[in-house]
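Below: the structure, in structure tokens.
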Amino acid sequence: MLDDFDVITLILLLFPFLMSIVMLTITGMVSESSRRKLAPVWRMVSLGVSMALFIVASMMFTGQIGGVDWTGIGFNEYEFLYQYEWISSLGITWQVGLDALSFPMVWLTTFLLPVTIIATWDEKKGAVYHPLILLMGATLLGVFVSLDLFMFYIFWELTLIPMFFLILKWGGKDRKYASQKFFIYTFTASVIMLLGLITMYFSMPSNTEIAMDNAGEYTGRTFDLLEITSIAQSVNAGGIWLENLHLIIFAMLMIGFLVKLPAAPFHTWLPDAHVQAPTGGSMLLAGVMLKMGAYGMFRIPATLFPHALEHFQFILMLFGFVSLVYGAIVCLGQTNLKKMVAYSSVSHMGVILLGIASMQPIGWAAALFMMFAHGIISPMLFAVCGAFKHHYHSMEIGAMRGMAKHSPWLATSMMFGWMASLGLPLLAGFVAEFLLLIAYWHEFGWWILGPGLALAITAAYYLWSMQRTIFEGGEETQPPKEMEGKPIPDISDMEKVAMLILAGFTILFGIFPAIALDMMSDWTVTMFQTLFGGA
Amino acid sequence: MTQRLVEAFDANFFSLFTAEVTLFIGLILLILIPNLGKGTFRLPGTQARIPWFLGGQRYEWNANPRLPSLIALLIMVSATIQMGMRVFSENDAILVHATGDASVRILSANPFSNLMEFFFFLALTLVILASINRLDVKNPKDKSISTLYNNRRQADFYILILTCALGMSVVALAENLFVLFVGLELASFSTYILVAFNKESKAGSESGMKYFIVGSAASGVGLYGLSLLYLWSGSLQIDILAEAWAGIGQETLPYVALGLVLVGFGFKISAAPFHFAAPDAYAGAPSTISGLLATASKAMGMIGIIKILLVITQPEALEGSAIWLWTIALLSVITMFWGNLAALGSDNPKRMLAYSSVAHAGYMLAAITAAGLWNISGDVSAQDDAIQASRTVLAAILFHLGVLIAFKLGAFLVLSVLEMESDVKSSDAIAGLAKRSPMLAVAMFIFMLSLAGVPPLSGFLSKLLVLLGIIKVAIANSASSSFLGMDVHWVWGLALAMGVNSAISVYYYLRVGVVMFFHEPVESRQGPLPRGSMIRISIAICVILTVGLGVAGEFLLDVCRSAADYLMPMMRGL
């Protein structure tokens, strides 16, 4: 049946999951020597699987599979919806589906998987690395496609395990500390989120009071997000859903998401995790995993508790503002290239938070597009850092000077990535920042000077770090001590391919943002109308 | 659900308790078979010798040291299967009363007791399976001596395991607190010896002694409590006590008695502050036995707690909360924090698992607190909701006790493989396990994640169910109290404490993973691991259960629910 593609979301999720499990199991069973031989095979297989996913997702994007026109899909409308009963006594279903909020993230994940594998093609990592990357991708897809809170939470936690191992096994010097901090920090936040979810679950009216399709036989409530949403909306239309608890539930959910995002006071796990993680891990971490936080905010608390969002609007704005400014200022002081990029992520996540806090359809669209654009740009930054480390065996900004002369490809990629990240017009990042500033002006007026200034600091730290690596030195180049006497290499062919792909899409979405932005703005406009009634 | 009355030891009695009878037959076989031999005795005054088949040199077929373990395994598997069939097919309750007097109840086989017995037998089956590789004694000088020694020693071991199983079934079946106490002591005495079973190691004897002394002191206190209860009501039969409790006036005696009894059971489930012997016992005992203590033995204590707190001392509907609500809540919070904080500081994986077991006792006590709250809403219309909530909590406790067998015992079994090399005394023992045996390391890591409550493993599902239950109760009873200004009952705070503790516990569970995967093996543990194929089979079973019950645990949940349904009407006022 070619016209019935609803099951495709499920395949998209299960295929990489099962493939990676199969690969890991085989690796576990063979001997040490054949494991070494397996590594290149798994690399090819993983690339093949992820390419297949990317092609399928892209065909879904263009409408060749499923024939979906993604623009015009309103809030609360889902494509490729697929539901299966799971634990019926508690009202838990296995429900997947896509909408304009989740689909860009799904596409982004499938896009980053092959790019990550290509960018780290030459690193000798052993037979477990690539299956783990694939597993990581599968769990991330799971977070974005699940429309059942229980299933969502399961995938939310599952993402930690492959990432924990990626950092622990292939990370830098302090990998043990970093990986454990990463796991515990985000796990704690998730547990608080879980308590919030359960409190919400039981505060809901039971199926004896309102009709429900998937209510648990035993609890009389459901984890089905679609049903919860419709219940919440019918109440929110005239009042406030769960009036006595909505603020605290909202706050508990937000703690889970703010830590994941991460917003300023909760960000401390991120620089450690990023700096220690291997390049591939960093690319996925920055590219997709951080967006889980923003995605979750839109998907659950903002949808269900718009009044609480209104109530906490100013606090959220402060969080976003502090992240933006603090991230930028800390970046100025960094000497470690990767740490600087990591803090720049904190800063950009602040932009997303500002977009959400602006409470304007256009601001929300800006946040969505920022998620998307940052998802393409930041992997490029980390790929550059990875190549830098790979070839110069150092991460210090001053360690290598005059790169433009010795390694023109790397210097060009770096410059391109840095420019894209600081928001150069015609590149993807600019669109998001521009939209955000419009929304911000509408809502907060002259406060706009704050983010404006912060964006100027962003430009400052990027330019300064470029000056110290790419240009400075001229005749008196300073290659790192270990490199003295050896020819200074440029990046390898596979790395060049990855950089070109990333740069190409950055330009594509910078010049034609409408490809993705249209569906996002349609979605946010209808969301805003549904939640708050009228414009 | 129908109730059948049966007189003790009448014609039907034995056909109704086939699993327990099987155990009994197994005990006799274990005593007889290894002792069969070419023994003869001389007729006095003559030279004629008459063979009487006991003692003397053994026959070839029963000289095999593996024989007792095979008998025990066979018996235990058949008991487990029979009990499993009872759990999944029968829903009736059978009440056994004393001969000639139907009002004196002794035992009762019901969905709840069936389920608990099934858990006990399952755990013991796994322990027996794993012990097959663990008991060999090798005497380098004389092979026949070591064979003989092995044979005797193994018979002892399995006899103790079977008596333990028998005692546990009695606890599950008991309808009278004194019968319950007898079963408890039967099982406990077996475990005291089992803890010290490795006579060769100093730690074993020491921990066995410690466990025995503290355990008997706790039992003594509990027994004193029981005698005070008897003094107060004139009977230790559970339904009579419950009725007496419902009409309680301004008396102190029953409360004192309740407190003393709780001390006895608190020791069994290793709740703080009665847990002090547990870490030593777990660390000194053979790992298979530590696993037994942490799962089946703990579930046995939990039965006592459930019967006393939820069946006997539950107040009438709409009458207010149980008298012990604050006490148990406080105890549960102390227990979980104490367990987790102490586990943070333990380097020995066995001690760490012992403290994590203490923490899990805290979670279960929190759930018990929530179950004790079910009827205080004071609002008749909300009563259905409150009953449902209480049912959720009870089912969650039972489910937790069940899946705990999979991952807690599994973790101890992994350590047991390492123990075959040399004693596990610090985290060095598991260092670099991933390099030496990737499959074992992965299994251990799965157990650790499940203990920490990471989805989609069964540990997550059970923790989630407990949280669901507590929060449900807290919201159903929101009218009567509040927590930090929120519109929920204060037991919601217990859910919060559980959340915080889960987060703390992640650290030490993860550390095991780090040590296994990324530390180099220490010098004394470089070579390949001992094979221990039977232990590996039982570990594989544990892994399958841990993952399987997490993803598709619905059927077990249904069974737990019907067991909870059976308990509910026994709680007062329904």
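A note on names: the letters A, B, ... follow the listed sequences, proteins ahead of strands, and every chain is numbered from 1. In this text the structure is predicted, and so the values were computed from the model without any measurement.
- Considering every non-hydrogen atom in both B:L468 and A:F202, the closest pair reads O-CE1, 2.9 Å.
- Heavy-atom contacts from other residues, nucleotides or ligands closer than 6.0 Å to CD of A:E85 number 12 or fewer.
- B:P456 and A:L158 get closest at one heavy-atom pair: CD-CD2, 3.9 Å.
- Here the shortest heavy-atom pairing between A:T188 and B:A503 reads OG1-CB, 3.4 Å.
- Residue A:F187 comes nearest to B:S502 through the heavy atom pair CE2-O, 4.1 Å, listed as atom of the first residue, atom of the second, then distance.
- Smallest separation of non-hydrogen atoms from B:R511 and A:Q180: CA-NE2, 4.5 Å.
- Chain A forms more heavy-atom pairs under 4.5 Å with one residue of B:V454, B:I471, B:L449, B:L465 than with any other, namely B:I471.
- At a 4.5 Å heavy-atom cutoff, A:W156 makes no contact with chain B through either its backbone or its side chain.
- One finds the CD1 atom of B:I470 at 11.0 Å from the OG1 atom of A:T199 (value rounded to the nearest 0.5 Å).
- When B:M439, B:K472, B:M498 are compared by the number of non-hydrogen pairs under 4.5 Å with chain A, B:K472 comes out ahead.
- Neither the backbone nor the side chain of A:L160 comes within contact range of chain B; no heavy atoms are under 4.5 Å apart.
- With a 4.5 angstrom heavy-atom cutoff, A:I192 does not touch chain B via any of its atoms.
- To the nearest 0.5 Å, atoms CD1 (A:I184) and CD1 (B:I504) are separated by 10.5 Å.
- The aromatic rings of A:F150 and B:F460 sit tilted, their planes meeting at an angle between 30° and 60°.
- B:A452 touches chain A through its backbone: at least one of N, CA, C or O sits under 4.5 Å from a heavy atom, while the side chain does not.
- We find the CG-CD distance between B:L457 and A:E157 to be 11.5 Å, quoted to the nearest 0.5 Å.
- Using a 4.5 Å cut-off between heavy atoms, A:R175 makes no contact with chain B at all.
- Between A:F165 and B:F517, the ring planes are perpendicular. Angles over 60° get that label, and only those under 30° would be called parallel.
- A:H307 NE2: more than 12 foreign heavy atoms inside a 6.0 Å radius.
- Within the 4.5 angstrom heavy-atom criterion, only side-chain atoms of A:F164, from C-beta onward, approach chain B.
- The choice from B:V551, B:D558, B:L557 that makes the most heavy-atom pairs within less than 4.5 Å of chain A is B:V551.
- Across A:L247, A:V191, A:L195, the residue that shares the most heavy-atom pairs under 4.5 angstrom with chain B is A:L195.
- Within the 3.5 Å criterion, the main-chain N or O of B:A552 finds no donor-acceptor partner in the side chain of A:W86.
- Closest non-hydrogen pair, B:L467 versus A:I198, comes out as CB-CD1, 3.9 Å.
- For chain A, the nearby parts of B:P455 are the backbone and the side chain; heavy atoms of each come within less than 4.5 Å.
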